[in-house]
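Quick caveat, the model's predicted, so the values are computed rather than measured.
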Amino acid sequence: MDEENELQKPTLSPKLPRWWRILPFLVTIIIITNIDSLMLNDFIEYRYTIKYRGNATSKASTRDVYLNSTESMDKPSRSISTTTTPHTPISTTESPTDLIQEATARLNVFISLSATLPAIFTSIVLGSNSDRVGRRPLIILPFLGKIFRYTILSLVAYLDLADYWIIIAVVIDGLCGTSGLSILSAFAFVSDCTNKNNRTKAIVITDVCIASTKFLPLMTLGLYLENSNFTPALLFTLGLAVVGFILANIFQPESTLDIQHLNIFQQLARAKFSQTTKIFQVFLAKRAGHNQRNLLLLIGAHLSLIVMTYGSSAVQYLYLYGTPFCFDSFGVSLVTTTITAISVLFTTIYTCAVPKHSDNLFLPMLGLSFHIAQITIYAVANTVWMIYMGASIGALYHVFSPVIRARITKLVEPTEYATVFILTLIFESGGNYAINALSNEIYKATLTIYSGIVYFAFSTFGILGIVFLL
């Protein structure tokens, strides 16, 4: 007898849970992921500041390094006479600031490349089996990865271990799927539990909840890291991952009706490697009218916006920490808070005021245009107020871009909700590491030429996304 038939069926008819029940655990894993980017970058930069300066006991002293570098840029060089911009040094001799930033970017590249293949492997295997094993395991596993990650990083901070332990921590995190696996499962869960009339609103709200998670953790953590006391912050995040793991096991429901009666181990046992072929089948399947072509174009646009978003955000901390802005952790958090506050405000207006035409493709085209404007302003900015202006404009991108995801779900069958986003998952998990590596490499290579080049480079993907939507 087939193993699946041997499992006891429930006596009561299964029913779909409320779509919003995924939000607490999705928000928790994304909060931890947002902490990842700020804390790891600060931690690495702090270690290299000690290495190259030897006297950095706080983030304030690290910022002094940048401020001193800015002041030296305003003074004429005795050895070389040349014109300069705020992004271009006046001497061929690298300052401690450049050495710290280049070393940080270099380690970021190593970390990203090392974690790419494990994350892609997990994304393909578990993502392609999502409709078979259910949504719940894909929400829970990333918490396990974060527990391993922050256990190792806490030991690195406390015992001052070598850099390769940081790489090991991120690789193990990638093997457990990263937050990209949770995002895939969350949107599949929302699609399972909604219909075509209310799905767009639900997806937009879910997407903005993801963006909104940057507000409180980055504000509080950014202020706390001013004293460079990393061990308690790492332990706190470890505790958050443990609590999320336990509560998700207890309270997170399953939206795939025929396996609601199974436990997480029984669900994972249903995974098959043969399911990975569905990644391609979903795009090759014949569909009514022009749906197949429209699906491919929407996926192309979605992948383009992911590359632009991840590529431009990968160097944001390094870029704003450097000259001429010399932000500290709290300053970068304020920029993120600006984006979040405006996103929430306009999402509230959007969900209340435009229910009838909420999935018009003009909206994501508008959102991409706002994001292109944001990173272009970043690239040419030479004052702090220009950074805030760019952030305010770019916030609208988070309101309109989720419409693409909602349109995609309306072109596929309910059993394909997760499979159709496998390529997206690959870009958001393993691909994210590769994109980060590319972004950091571009930034490192152009740092002494013009540090804003990296933003110009990734804005081209936004333009490509708009072309796909035309």
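Within a 6.0 Å sphere centred on CZ of Phe148, other residues, nucleotides and ligands contribute 12 heavy atoms or fewer. Heavy-atom neighbours of Phe110 CZ from other residues, nucleotides or ligands within 6.0 Å: at or below the threshold of 12. No more than 12 heavy-atom neighbours from other residues, nucleotides or ligands sit within 6.0 angstrom of CZ on Arg18.
Between the Asn108 side chain and the Thr104 main chain, a donor and an acceptor come within less than 3.5 Å of each other. The backbone N or O of Thr309 lies less than 3.5 Å from a partner atom in the side chain of Ser312, making a donor-acceptor pair. Distance alone, capped at 3.5 Å, places no donor-acceptor pair between the Thr122 side chain and the Ala119 backbone. Panel note: side chain Gln266, backbone Asn263; a donor-acceptor pair is recorded below 3.5 Å. Without hydrogens or angle criteria, Ser439 side chain to Ile435 main chain gives no donor-acceptor distance under 3.5 Å. No donor-acceptor pair closer than 3.5 Å links the side chain of Asp207 to the backbone N or O of Pro402. The main-chain N or O of Gln292 is never found under 3.5 Å from a side-chain atom of Arg287 such that the two would form a donor-acceptor pair. At least one donor-acceptor pair closer than 3.5 Å links the side chain of Glu254 to the backbone N or O of Arg135. Judged purely by atom type and a 3.5 angstrom limit, Ser185 has no side-chain atom pairing as donor or acceptor with the backbone of Ser182.
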Point to revise | side-chain contact (heavy atoms from CB on, under 4.5 Å) evaluation trace for Trp19 with Ile205 | key: CA-CA 11 Å; Trp19 69 266; Ile205 292 171; 3.9 Å; yes
Practice item. Given side-chain contact (heavy atoms from CB on, under 4.5 Å), test Val109 with Asn436 step by step and report yes or no. Key: CA-CA 7 Å; Val109 170; Asn436 285 351; over 6 Å; no
Review point. Going through the distances and angles, do Trp20 and Thr206 end up as a side-chain contact (heavy atoms from CB on, under 4.5 Å)?
Key: CA-CA 8 Å; Trp20 45 262; Thr206 302; over 6 Å; no
Point to revise | Intermediate values then yes/no, side-chain contact (heavy atoms from CB on, under 4.5 Å), Ile246 and Phe251 | key: CA-CA 9 Å; Ile246 294 172; Phe251 296 111; over 6 Å; no
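Two residues are said to be in side-chain contact when any heavy atoms from C-beta on lie closer than 4.5 Å; Ile299 and Leu295 meet this criterion. The shortest distance between side-chain heavy atoms of Ile210 and Val27 does not fall below 4.5 Å. Side-chain contact between Lys444 and Asn440 is absent, with no heavy-atom pair separated by less than 4.5 Å. Residues Met308 and Ile372 are in side-chain contact: their nearest non-hydrogen atoms beyond the backbone lie under 4.5 Å apart. Val125 has its side chain out of reach of Gln275: every pair of non-hydrogen atoms, C-beta onward, lies at least 4.5 Å apart.
Residues Tyr378 and Tyr455 place their aromatic rings such that the two centres sit under 6.0 Å apart.
With sequence neighbours excluded, no residue satisfies ring-ring contact (aromatic ring centres under 6.0 Å, His included) with Tyr150. Checked against ring-ring contact (aromatic ring centres under 6.0 Å, His included), Phe43 has the following partners two or more places apart in sequence or in another chain: Phe230. By the salt bridge (Lys or Arg N to Asp or Glu O under 4.0 Å) test, Arg136 pairs with no residue at all, sequence neighbours left out.
Of all heavy-atom pairs spanning Lys272 and Asn129, the tightest one is N-OD1, 2.8 Å. Across all their heavy atoms, Ile30 and Ser179 have their closest contact at CD1-CB, 3.9 Å. Taking both residues in full, the closest heavy atoms of Leu184 and Gly127 are given as CD2-CA, 3.7 Å, listed atom of the first, atom of the second, then distance. Shortest non-hydrogen contact noted between Phe400 and Phe370 is CE1-CE1, 4.1 Å. Minimum interatomic distance between Tyr450 and Val380 (heavy atoms only, all atoms of both residues): OH-CA, 3.6 Å. Across all non-hydrogen atoms, the minimal contact from Ile466 to Ser369 is CD1-OG, 3.6 Å.
Partner Leu181 forms a side chain to side chain contact (heavy atoms under 4.5 Å, CB included) with one of Ser130, Pro137, Pro142 and no other, that one being Pro142. Among Thr237, Asp173, Ile152, Leu238, the single residue meeting the side chain to side chain contact (heavy atoms under 4.5 Å, CB included) criterion with Ile147 is Leu238.
Taking the six-membered ring for Trp and thresholds of 30 and 60 degrees, Tyr319 and Tyr443 have ring planes more than 60 degrees apart, a perpendicular arrangement.
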